[in-house]
Asks: 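The structure that follows is given in the form of structure tokens.
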Amino acid sequence: MNTLKNFNPVVLLLYFVYVLFISIFSFNPILLASGMLGAVLYCLVVSDKRSVIKSLSACIVILLAVTVTNPLFSHNGKTVLFFINDNRVTLESLIYGAVLGLCITEVIIWFKCFNLVFDSERFIFLFGKISPKLALVLSMTLRFVPSFIKSFREINRTQKLIGNSRRLKRYLNSFSAVVTQSMENSIITSDSMNSRGYGAKKRTFYSRFRFTLSDALFLIISTTLLALSVIFKSDFTYYPGFTFSEINAVSVTGYLSFIVLAFIPFIYELKEGIRWKYLISKI
Amino acid sequence: MVRKYIKYIFVFLIIPALIVFGALLYPQRSFIIVSIAVVITACVPFFISFEKNSSTRRLVMLAVMTALSVAGRFIFAPIPFFKPVTAMVVIAGMYFGSEFGFLTGALSAIISNFYFGQGAWTPFQMFSWGIIGFIAGLLSNPLIKSKIILIIYGVFAGIAYSLMMDVWTVLWMDGSFNFPRFIAAIVTALPVTAQYIISNVVFLLILTPLFKKKIERLKFKYGL
């Protein structure tokens, strides 16, 4: 079940922009780790466990590789651990590498969540807001791709049966046939669109997504949390020495607001799941 | 009313605000903010001008060219290293103009990422393919006339695409331009770059005459 999808795509996009904005730019290990946890929990609830474990293990490899290689590229930092070929390997650059790896893997997992929520329909809706014509192009393209592949397969199979056995040549011939067919059809399609009055008036865009009260609520909550975590942000610097702002009531507010922001999808999904079970039990 | 001005608000208000805001708040990572903003802003004028003046034929043709470049990626998938997307974008730019080339490149990136997963790289991919198609449109006369220039452009497109993606990797990792890391990124990407170059050149040489014939036929038959 994926109930987050029910929100308006604009609100959802803004939510992902907020989370990614903080994750990419703050470069703060505490925020990165909590964002990672929120995203992983959400993925575990919504998608199947195996794919989550697969991407997590890929993430661990990336994390280790970035941590180990970072001292090769950056020799800044004051705590020298040892030398390789007269190049300093510092503790700070190792830490920086680990945070960098965490940042990269966190963004990968958040984009996994993004792909779970944002299908092509929502993308087309967003494009329709800016440019209805481009939205039309996108949805036509999405229809064309599978149909071109299908007609390529048919032509290719026929070519094979009539004895065209050289694979590369057969592929190119069949592709060429698809090109001819599709370009010719495009002219016919557009003439037919014209004769039915397409473009006679300004293009509008229909979508079934509405902006409801819960969308407004979601937008307000997430924007407030973003503002709080930006205003009360804590700085981390890595070079020359590893320093961070002291932990006090202000910085804790900043951290907590981002943690809540990052856990919204998971909490919402959990809440809807419980509600669903409850409603079923009442039947 | 809001919908009418939303794109202008987007270009002239939101993106510059994002740049200034990001650069002031997070000085360590300012480069990456600026680069993302630049890449997105670069695409918007093309989208706006497409929205304003484009015939239905161009609209459908854009959908067909984009779909062909994405479908080509699946069709030629059994043959290793053969990715026709860049070649198709170049051809679109050559025969239909620079704006058309840019849009084919940008939309191909979006559409193919529906299948392979959207990521932080999507805007950069859109921009890189878009620019390759745009330049192909500017150079359309020499590219159509001379095979040697076409080959050179295929090589250039492969290198340019690879370099642009490397620049973005480095900006992403360091928040500023770290030259040793850039070199390392180029070196590790060398085999991939070589594949890009070879498949670009091969596809351009094979597909260009093919498309030329078909487009001329269409022009003759329907008077495009």
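We name chains A, B, ... by the order of the sequence lines, and we start the count at 1 in each one. Values below: every heavy atom of this structure, side chains too, minus hydrogens, waters and symmetry copies. All figures in this text were calculated on a predicted structure; none of them were measured in a lab.
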Asks: Starting at OG1 of A:T180, measure out to CZ of B:R217 and round the result to the nearest 0.5 Å.
Replies: 7.5 Å
Asks: For A:F144 versus B:A67, what's the shortest heavy-atom pair and its separation?
Replies: CB-CB, 3.3 Å
Asks: Any chance you could measure B:T56, atom OG1, to A:K133, atom NZ, to the nearest 0.5 Å?
Replies: 7.0 Å
Asks: Less than 4.5 Å to any heavy atom of chain B: does that hold for the side chain of A:D191, its backbone, both, or neither?
Replies: side chain
Asks: Checking B:P84 against chain A: side chain, backbone, both or neither under 4.5 Å from a heavy atom?
Replies: neither
Asks: With chain B as the partner, which of A:V179, A:T189, A:T69, A:V66 has the greatest number of non-hydrogen pairs under 4.5 Å?
Replies: A:V179
Asks: Out of A:N194, A:L172, A:T141, which one racks up the most heavy-atom pairs below 4.5 Å with chain B?
Replies: A:T141
Asks: Do NZ/NE/NH1/NH2 and the carboxylate oxygens of A:E184 and B:K214 come within less than 4.0 Å?
Replies: no
Asks: I'd like to know whether A:V145 forms a side-chain contact (heavy atoms from CB on, under 4.5 Å) with B:F114, so could you lay out the CA-CA distance, the side-chain angles of the two residues, the decisive distance to 0.1 Å, and finally the verdict.
Replies: CA-CA 11 Å; A:V145 171; B:F114 280 134; over 6 Å; no
Asks: Does the B:Q118 side chain pair with the main chain of A:F111, one donor and one acceptor, at a distance under 3.5 Å?
Replies: no
Asks: With a 4.5 Å cut-off on heavy-atom pairs, point out which of B:V70, B:L210, B:L59 contacts chain A the most.
Replies: B:L59
Asks: With chain B, which of A:L20, A:D119, A:L134, A:I149 has the greatest number of heavy-atom pairs at distances under 4.5 Å?
Replies: A:L134
Asks: Could you label the plane-to-plane angle of the A:F175 and B:F76 rings as parallel, tilted or perpendicular, counting under 30° as parallel and over 60° as perpendicular?
Replies: perpendicular
Asks: Between A:V107 and chain B, which part of the residue has a heavy atom less than 4.5 Å away: side chain, backbone, both or neither?
Replies: side chain
Asks: Which atoms of A:I188 come close to chain B, meaning under 4.5 Å heavy atom to heavy atom: side chain ones, backbone ones, both, or neither?
Replies: side chain
Asks: I need the B:I111 CD1 to A:S120 OG distance, nearest 0.5 Å.
Replies: 8.0 Å
Asks: Heavy-atom distances under 4.5 Å only: say whether A:I104 touches chain B with side chain, backbone, both or neither.
Replies: both
Asks: Who among A:F123, A:F114, A:Y198 has the most heavy-atom pairs with chain B under 4.5 Å?
Replies: A:F123
Asks: What part of B:I183 gets within 4.5 angstrom of chain A, counting heavy atoms only: side chain, backbone, both, or neither?
Replies: neither
Asks: Where does B:I75 contact chain A at under 4.5 Å (heavy atoms): side chain, backbone, both or neither?
Replies: both
Asks: Please classify the contact of B:K213 with chain A as side chain, backbone, both or neither, using a heavy-atom distance under 4.5 Å.
Replies: neither
Asks: Please classify the contact between A:R167 and chain B as side chain, backbone, both or neither, with a heavy-atom cut-off of under 4.5 Å.
Replies: side chain
Asks: Taking the six-membered ring for Trp, are the ring centroids of A:F148 and B:F74 within less than 6.0 Å of each other?
Replies: no
Asks: Evaluate the side-chain proximity of B:I215 to A:M183: yes if any heavy-atom separation is below 4.5 Å, no if none is.
Replies: yes
Asks: For A:F127, which atoms come within 4.5 Å of any heavy atom of chain B: side chain, backbone, both, or neither?
Replies: side chain
Asks: Using every non-hydrogen atom in the two residues, find where A:P146 and B:Y115 come nearest and quote the distance to one decimal.
Replies: CD-OH, 3.9 Å
Asks: How close do B:V64 and A:S182 get, heavy atom to heavy atom, and via which atoms?
Replies: CG1-OG, 3.8 Å
